[in-house]
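Per chain, numbering begins at 1; letters A, B, ... match sequence-line order.
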Number of protein chains: 2
Amino acid sequence: MPGIERPGPLYKQVAAAIRDAITSGEFPPGSPLPSETQLIKRYQVSRPTVRNAIAALRAEGLIDVVHGKASYVRRRPAPALTIERTVTRKAGTYTTGQTDWQENEAPSVSRATSTETTGPALGLDEGEDLFAIDRLHTDPATGTRILHRTLLPLAVAADHNELAENPAAAPEQIYALLATAGHKLTWTETVRARMPLPDERATLELPDATPIIETTRITHGNDDQPLLLEELRAAADRAQLAYRITADSPRTLRAVRS
Amino acid sequence: MPGIERPGPLYKQVAAAIRDAITSGEFPPGSPLPSETQLIKRYQVSRPTVRNAIAALRAEGLIDVVHGKASYVRRRPAPALTIERTVTRKAGTYTTGQTDWQENEAPSVSRATSTETTGPALGLDEGEDLFAIDRLHTDPATGTRILHRTLLPLAVAADHNELAENPAAAPEQIYALLATAGHKLTWTETVRARMPLPDERATLELPDATPIIETTRITHGNDDQPLLLEELRAAADRAQLAYRITADSPRTLRAVRS
DNA sequence: AGTCGCAACTCGTAAGGACGAGTGACGACA
DNA sequence: TGTCGTCACTCGTCCTTACGAGTTGCGACT
């Protein structure tokens with residue numbers, strides 16, 4: 001029944017009408033939308049037009065469609081998991097915000113070479129050797145999955161016996177190793193977001209229209225020398241990142257690309 | 001000509017074939033895909049199927065479609081703008097990473113009340129009065145637009161004459177005011193990402209399948225009392241956030257929802 | 001030679017039909 | 001009583017056809 005106005009493509013008018021019905025409370029979060037057949041009658045348009053409108057709302061992340069059942073208004077809770085990107089030092093051992101994450105499998109260690117993106121961040125030329133350590137974590141409280149990758153230059157590992165023997169050590173342990181070797185550590189971190197690649201959609205169990213939040217942490221040693229690169233990826237609808245900032249005297253911060 | 005295999009819906013097979021052709025280098029970034037008509041011939045499917053496949057690649061952010069011309073493989077440069085989320089203090093004045101941003105219009109000041117999301121972050125009950133100051137910035141080097149919102153509790157503004165008179169002061173000036181009033185300032189910041197609302201798509205000039213990166217900074221005074229909330233929103237394909245981390249002794253970090 | 005309009009290409013919107021596939025409830029049968 | 005099959009409903013896929021709208025280049029006319 002609700003009237004549809006003149007301007008613009010039909011399917012956008014229908015999408016806007018449904019969106020308004022949702023925000024006005026006619027279809028509260030979690031509730032099902034009318035079936036396609038009912039929407040056809042209600043707005044007097046063809047099925048492709050209704051489906052086109054629904055596709056638009058899906059791309060906005062406003063609804064979830066379940067085959068055989070209905071379309072449901074998506075609940076938009078705040079991200080349930082707050083990942084604290086801090087580093088704490090206590091009596092020579094380091095702790096990061098992630099303390100109780102499960103590791104789904106043993107870390108997978110592989111060899112890689114520095115690329116256009118990772119190279120400069122680590123102060124390397126293109127084509128230098130690296131260890132790449134991949135982990136898949138799960139936060140036990142929320143079930144959120146987190147992809148973690150560590151890039152450790154071979155040249156750095158070679159300087160520390162324990163690292164060369166066990167490159168898959170936890171990052172916190174690597175911090176401790178570097179610190180005992182005389183490095184005064186600082187970290188810089190950049191945060192990006194993007195749509196997932198198909199394989200990331202699968203491993204992170206991402207719903208429609210859900211971006212990835214991605215962060216790159218670089219561990220700097222003495223003279224701001226980059227030693228270690230860590231990447232974190234998580235579903236943006238479940239995870240957010242938290243930082244603490246303190247006023248500092250002037251200094252430059254290195255930008256990181258990826 | 002390329003053969004299409006059995007499994008799964010036709011349009012997904014076509015989408016996968018095109019995706020492979022892109023990643024294999026047959027269609028490098030910036031180059032146009034074959035026209036719909038050509039893809040119909042190439043894969044021996046109907047136009048809706050081709051369009052459905054193209055829609056899938058759009059949703060992945062892999063291609064951009066231009067009406068009347070063609071579909072182009074999207075270039076995926078690293079975000080051109082790095083927003084440094086740091087605070088620097090020098091002789092009583094504060095500086096943040098954003099120094100050369102243009103303000104497109106005068107800040108728009110409005111009154112608001114604390115909500116379910118902003119209230120707790122500011123230590124307020126629901127329904128308390130706030131100033132809301134909205135700004136639209138443009139980074140001159142890259143043309144990137146940034147939405148900035150400041151939430152200043154009336155109760156805080158009332159404690160400082162200059163703030164009550166001019167709630168639209170720059171955040172750095174507010175920091176300085178609070179500091180001279182005896183507060184030792186610290187900040188916590190949370191970062192999220194999500195798909196844009198329709199109006200954000202417009203004001204931030206967002207392409208298809210481009211998320212928003214969003215950060216909430218809370219200024220804490222003495223006894224960790226929350227005084228000020230700032231929100232930043234930008235297109236995730238153009239902007240990334242940068243933080244500096246230093247090892248700290250144990251302490252808890254307040255999570256922020258929005 | 002310059003300008004303007006049309007033609008031919010592109011993608012966008014819309015309708016209609018047909019069938020496949022997942023879900024849930026009901027009822028018949030064991 | 002319990003199991004299982006059918007049926008009616010949902011959304012998913014795929015086709016054909018038609019026309020609208022933006023872009024570009026060619027060619028005719030001035």
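For the pair B:E231 and B:R217, the salt-bridge criterion is not met [side-chain N within less than 4.0 Å of a carboxylate O]. By the 4.0 Å N-to-carboxylate-O rule, A:D208 lies close enough to A:R201 to be salt-bridged with it.
Taking only side-chain atoms of B:P48, from C-beta outward, the nucleotide of D:dC15, D:dG12, C:dT10 with the closest atom is D:dC15. Comparing C:dG12, C:dG20, C:dT13 by their nearest atom to the side chain of A:H67 picks out C:dG20. In this structure, of C:dA15, C:dG12, D:dC15, it is C:dG12 that holds the atom nearest to the side chain of B:E36.
With A:Y243 as the aromatic partner, B:R85 does not meet the cation-pi criteria of under 6.0 angstrom to the ring centre and within 45 degrees of the ring axis.
Counting only N and O atoms by type, the side chains of B:E230 and B:T150 include no donor and acceptor under 3.5 Å apart.
For B:K69, no side-chain nitrogen or oxygen approaches OP1 or OP2 of C:dC11 to under 4.0 Å. Using a 4.0 Å cut-off, no side-chain N or O of B:T49 falls inside it from OP1 or OP2 of D:dC14. Put simply, B:R51 has no side-chain N or O that comes within less than 4.0 Å of OP1 or OP2 on D:dT13. Taking side-chain N and O atoms only, A:S35 has a distance below 4.0 Å to OP1 or OP2 of D:dT10. Using a 4.0 Å cut-off, no side-chain N or O of A:R47 falls inside it from OP1 or OP2 of C:dG16.
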